J.: 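If you scroll down you'll find the structure; I have some questions about it.
Since we're looking at a predicted model, the values are computed, not measured.
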Amino acid sequence: MTYKGRMEKRTKKRKKRFIIIFPLLLILLSGLVYGSYLTYKAMAAAEEARVELDRGDKSKLREEVVDPGKNNITILFLGIDDSESRGFGDKARTDAIMLATFNRKDKSVKMLSIPRDSYVYQPDRDEYDKINHAHAYHGIDGAVNTVEDLLEIPVDYYVRMNFRAFIEVVEALGGIEVDVPVDLNEMDSKDNEGAIRLRKGYQRIDGEEALALARTRKLDNDIERGKRQQLIVQGIINEAASVSSITKYGDVIDALGNNLTTNLTVGEMLALHKYATSGGKLNIESLNIEGYDDSSSGTYYYELDEASLEETSQTLKEHLELD
């Protein structure tokens with residue numbers, strides 16, 4: 001073969017390689033650009049959502065500031081209905097109260113649901129009342145201080161989310177997998193009676209269905225309601241940790257919008273995401289405090305069993321490896 005022929009052959013090969021490699025480079029570049037955009041978007045949203053507690057960045061029950069990338073931590077999840085139709089504002093009553101403890105060494109989470117009508121001492125008011133009134137009277141700080149006083153463990157972080165964000169996050173994830181424990185006919189988020197119908201069994205549910213399952217109180221009691229809320233949170237965690245398409249994270253960020261407040265920084269959120277997605281699957285255990293209904297005063301309260309409360313507190317302390 002002549003020199004000219006060899007050069008022409010090499011040129012054709014280079015053109016073929018270019019045709020193959022160029023689209024891959026475009027895809028990679030687009031991914032990097034979109035990833036950078038998502039990072040910027042997430043940072044902006046996180047900064048807008050961040051509201052520090054009055055106490056600062058350390059619980060009074062901690063000797064030092066914790067780091068989610070290095071330490072065992074706690075997060076208090078508060079679900080509120082601040083819709084105008086229900087007449088609530090920034091200090092709405094908490095409809096869902098859940099404390100999660102995270103142990104980094106064995107990659108486990110313990111989730112405790114606290115019944116909203118639990119009769120507990122509220123230090124900011126110096127009186128006993130339903131625990132969901134703590135947020136109504138003293139906002140996030142009131143709720144955090146009350147839970148710390150009740151369980152005698154530090155609340156390092158909080159996440160407060162309203163029902164609109166709850167629905168839209170589930171929708172952004174494309175629904176969640178849940179083993180629905182009961183048949184359900186419930187109103188939707190716009191209070192349309194009977195709009196949501198679910199049947200018992202393992203299935204994929206959308207945002208409105210998830211909210212109905214988490215909110216309903218007609219079926220049984222606050223303890224069982226708390227268990228259903230734990231199922232929903234577990235479904236969201238599992239779905240978020242297994243998302244394969246990067247575009248879904250953008251949808252989740254959009255869903256949160258102005259519907260969430262937290263004292264977590266962007267770096268702390270990234271550390272938690274790494275904790276949830278790296279290595280094996282999270283081991284999540286649900287906890288509940290036993291108690292009984294009490295209307296002897298003319299007002300309904302849920303009285304917590306002292307022995308069960310002490311046992312639960314000790315379980316959480318051991319999970320956090322607290323002295």
J.: With heavy-atom distances below 4.5 Å as the criterion, would you say the side chains of Y202 and E177 are in contact?
T.: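 Yes, at least one pair of side-chain atoms sits under 4.5 Å.
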J.: Indicate whether any N or O donor in one side chain lies under 3.5 Å from an N or O acceptor in the other, for S286 and Q234.
T.: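 Side-chain D/A pair, S286 to Q234: present.
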J.: Taking side chain as C-beta onward, heavy atoms only, is D106 less than 4.5 Å from N283?
T.: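 Not in contact.
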J.: State, without any angle test, whether E268 and T265 hold a side-chain donor-acceptor pair at a distance under 3.5 Å.
T.: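 Indeed, the side chains of E268 and T265 share at least one donor-acceptor pair under 3.5 Å.
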J.: Using a 3.5 Å distance criterion without hydrogens, assess whether the side chain of E290 forms a donor-acceptor pair with backbone atoms of S308.
T.: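 No; zero donor-acceptor contacts below 3.5 Å.
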J.: So does E321 have more than 12 non-hydrogen atoms from other groups sitting under 6.0 Å from CD?
T.: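 Yes, because the 6.0 Å sphere around CD of E321 holds more than 12 heavy atoms from other groups.
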J.: Going through the checks in order, is the side chain to side chain contact (heavy atoms under 4.5 Å, CB included) test met by R197 and L184?
T.: CA-CA 6 Å; R197 296 174 180 269; L184 174 70; over 6 Å; no
J.: Do you know which two heavy atoms are closest between A100 and V109, and how far apart they sit?
T.: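 Reported closest heavy-atom pair: CB-CG1, 4.1 Å.
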J.: Looking only at side-chain N and O atoms, does T94 offer a donor or acceptor that is under 3.5 Å from a partner on H135?
T.: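 No - no donor-acceptor pair under 3.5 Å links their side chains.
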J.: Between Y300 and D117, is any side-chain donor less than 3.5 angstrom from a side-chain acceptor?
T.: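 Absent: no donor and acceptor within the cut-off.
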J.: Can you tell me how far apart CG (L61) and CG (L320) are? Round to the nearest 0.5 Å.
T.: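 Taking CG in L61 and CG in L320, the distance rounds to 11.0 Å.
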J.: From R125 CZ over to N145 CG, what is the distance, rounded to the nearest 0.5 angstrom?
T.: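 Here the rounded value is 13.0 Å.
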J.: Determine yes or no for a side-chain-to-main-chain donor-acceptor pair under 3.5 angstrom, with N263 supplying the side chain and Y158 the backbone.
T.: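 Side chain of N263 to backbone of Y158, a donor-acceptor pair under 3.5 Å: yes, one is there.
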J.: Crowded around K200 NZ? As in, over 12 foreign heavy atoms under 6.0 Å?
T.: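 Count not over threshold, so no.
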J.: Answer yes if V180 and L231 sit in the same cluster of Ile, Leu, Val, Met, Phe, Trp and Tyr residues linked by side chain heavy atoms under 4.5 Å apart, and no otherwise.
T.: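 They do share one cluster, since a chain of ILVMFWY contacts under 4.5 Å joins V180 to L231.
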J.: Just so I know, are the side chains of I167 and D206 near enough to count as touching, which here means a heavy-atom distance under 4.5 Å?
T.: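 No; the side chains remain at least 4.5 Å from each other.
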J.: Could you check if a side-chain atom of I140 sits within less than 4.5 angstrom of a side-chain atom of T261, using non-hydrogen atoms only?
T.: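 Yes, at least one pair of side-chain atoms sits under 4.5 Å.
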J.: For P154, does its backbone N or O pair with a side-chain atom of S59 as donor and acceptor, under 3.5 Å?
T.: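 No, S59 side chain to P154 backbone: no donor-acceptor pair under 3.5 Å.
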J.: Please round to the nearest 0.5 Å and tell me the distance separating atom CG of L287 and atom CD of Q230.
T.: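 CD of Q230 is found 7.5 Å from CG of L287.
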J.: V159 and I236: same hydrophobic cluster, using ILVMFWY side-chain contacts below 4.5 Å?
T.: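 Yes, V159 and I236 fall within the same hydrophobic cluster.
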J.: May I ask you to decide whether E152 forms a salt bridge with K317, counting only side-chain N to carboxylate O separations under 4.0 Å?
T.: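 Answer for the salt bridge query: yes.
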J.: Side chain of R225, backbone of R116: donor and acceptor closer than 3.5 Å?
T.: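 Such a contact is absent between R225 side chain and R116 backbone.
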J.: If you look at every heavy atom in P68 and R104, which pair is closest and at what distance?
T.: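 Minimum heavy-atom separation between P68 and R104: O-NH1, 2.7 Å.
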J.: When you compare the side chain of R204 with that of I176, does any pair of heavy atoms fall below 4.5 Å?
T.: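 Answer no - side chains too far apart.
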J.: Under the criterion side chain to side chain contact (heavy atoms under 4.5 Å, CB included), I'd like the reasoning laid out for E186 against E209: C-alpha separation, chi angles, the key distance, then a yes or no.
T.: CA-CA 9 Å; E186 184 59 71; E209 291 167 337; over 6 Å; no
J.: Check for a donor-acceptor pair, side chain of S313 on one end and backbone N or O of L309 on the other, with a separation under 3.5 Å.
T.: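 Not at all, since once roles are kept as given, no pair shorter than 3.5 Å links the two residues.
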J.: Of all the heavy-atom pairs spanning D124 and G142, show the shortest one and how long it is.
T.: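 Distance-wise, the nearest heavy atoms are OD2-CA, 3.5 Å.
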J.: For residues V144 and R55, determine if any side-chain heavy atom of one lies less than 4.5 Å from a side-chain heavy atom of the other.
T.: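 Result yes, sub-4.5 Å side-chain heavy-atom pair found.
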J.: Please walk me through it: do R228 and D179 pass salt bridge (Lys or Arg N to Asp or Glu O under 4.0 Å)?
T.: CA-CA 10 Å; R228 290 191 290 273; D179 189 3; over 6 Å; no
J.: Where do T262 and M269 land on the side chain to side chain contact (heavy atoms under 4.5 Å, CB included) test, with the steps shown first?
T.: CA-CA 10 Å; T262 181; M269 291 180 189; 3.7 Å; yes
J.: Hey, could you give me the CG/CG distance between D183 and L198, rounded to the nearest 0.5 Å?
T.: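 Between atom CG of D183 and atom CG of L198 there are 9.0 Å.
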J.: Output yes when a side-chain donor or acceptor of N103 lies under 3.5 Å from a complementary backbone atom of H319, and no otherwise.
T.: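 Yes; at least one donor-acceptor contact below 3.5 Å.
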J.: Same cluster or not: L76 versus V51, using hydrophobic residues (I, L, V, M, F, W, Y) connected whenever any side-chain heavy atoms lie under 4.5 Å apart?
T.: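 Both belong to a single hydrophobic cluster.
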J.: Can you name the nearest heavy-atom pair linking A134 to T146, along with the distance?
T.: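 Heavy atoms only, the tightest pair is CB-OG1, 3.5 Å.
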J.: Give a yes or no on whether the backbone of G291 and the side-chain of Y302 come within a donor-acceptor separation of less than 3.5 Å.
T.: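 At least one qualifying donor-acceptor pair exists.
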J.: Do Y137 and V147 sit in the same hydrophobic cluster, where Ile, Leu, Val, Met, Phe, Trp and Tyr count as joined when their side-chain heavy atoms come under 4.5 Å apart?
T.: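 Hydrophobic grouping puts Y137 apart from V147.
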J.: Let me know which of V120, D293, D294 forms a side chain to side chain contact (heavy atoms under 4.5 Å, CB included) with E303.
T.: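 When side chain to side chain contact (heavy atoms under 4.5 Å, CB included) is applied between E303 and each of V120, D293, D294, only D294 qualifies.
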J.: If you count the non-hydrogen atoms of other residues, nucleotides and ligands that lie under 6.0 Å from CD in Q314, is the total more than 12?
T.: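 Counting other residues, nucleotides and ligands, CD of Q314 exceeds 12 neighbours.
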J.: Is it true that D188 and N192 share a donor-acceptor pair across their side chains at a distance under 3.5 Å?
T.: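 Their side chains do contain a donor-acceptor pair, which is all the 3.5 Å distance test asks for.
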J.: Looking only at atom types and distance, does a side-chain atom of E171 sit under 3.5 Å from a main-chain N or O of V169, one as donor and one as acceptor?
T.: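 Answer holds: no.
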J.: Can a side-chain donor-acceptor contact be found between E285 and S108 if the only test is distance below 3.5 angstrom?
T.: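 Short answer, no.
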J.: So, do I75 and F102 sit near enough that their side-chain heavy atoms are less than 4.5 Å apart?
T.: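 Sidechains of F102 and I75: in contact.
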J.: Could you report the tightest heavy-atom contact between A214 and Q229, atom names first, then the distance?
T.: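 Shortest heavy-atom contact: O-NE2, 3.1 Å.
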J.: Between V233 and M98, is a side chain to side chain contact (heavy atoms under 4.5 Å, CB included) present by the stated rule, with each step listed?
T.: CA-CA 10 Å; V233 173; M98 193 177 302; 3.8 Å; yes
J.: For A210 and I232, which heavy atoms make the closest approach, and how far apart are they?
T.: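 Where A210 meets I232 most closely, the heavy atoms are O-CD1, 3.9 Å.
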J.: What distance do N72 atom CG and L322 atom CG have between them, rounded to the nearest 0.5 Å?
T.: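 N72 CG to L322 CG: 8.0 Å, rounded to 0.5 Å.
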J.: Drop me the distance from I153's CD1 to T101's OG1, to the nearest 0.5 angstrom.
T.: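 I153 atom CD1 to T101 atom OG1 measures 6.5 Å (nearest 0.5 Å).
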J.: Using modelled atom types and a 3.5 Å cut-off, is there a donor and acceptor pairing between side-chain atoms of N132 and backbone atoms of D95?
T.: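 No, because the side chain of N132 does not come within donor-acceptor range (under 3.5 Å) of the backbone of D95.
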J.: Would you check if the side chain of E127 reaches a backbone N or O of P123 as a donor-acceptor pair within less than 3.5 Å?
T.: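 Side chain of E127 to backbone of P123, a donor-acceptor pair under 3.5 Å: no, none is there.
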J.: Under 6.0 Å from the CD atom of E63, do we count more than 12 heavy atoms belonging to anything else shown?
T.: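 No, the 6.0 Å shell around CD holds no more than 12 heavy atoms from other groups.
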J.: Hey, quick one: are I114 and Y301 part of the same hydrophobic cluster, counting side-chain heavy atoms closer than 4.5 Å, chains of contacts allowed?
T.: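 No; Y301 is not reachable from I114 via cluster members.
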J.: How about Y121: does its OH atom have over 12 heavy atoms from other parts shown lying under 6.0 Å from it?
T.: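 Atom OH in Y121 is crowded, with more than 12 foreign heavy atoms closer than 6.0 Å.
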J.: For the residue pair L151 and L99, establish whether any side-chain heavy-atom pair is separated by less than 4.5 Å.
T.: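 L151 vs L99: side chains touch.
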J.: Using a strict 4.0 Å threshold on nitrogen-to-oxygen distance, state whether R50 and E52 make a salt bridge.
T.: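 Here R50 pairs with E52 in a salt bridge, since their nearest N and O are under 4.0 Å apart.
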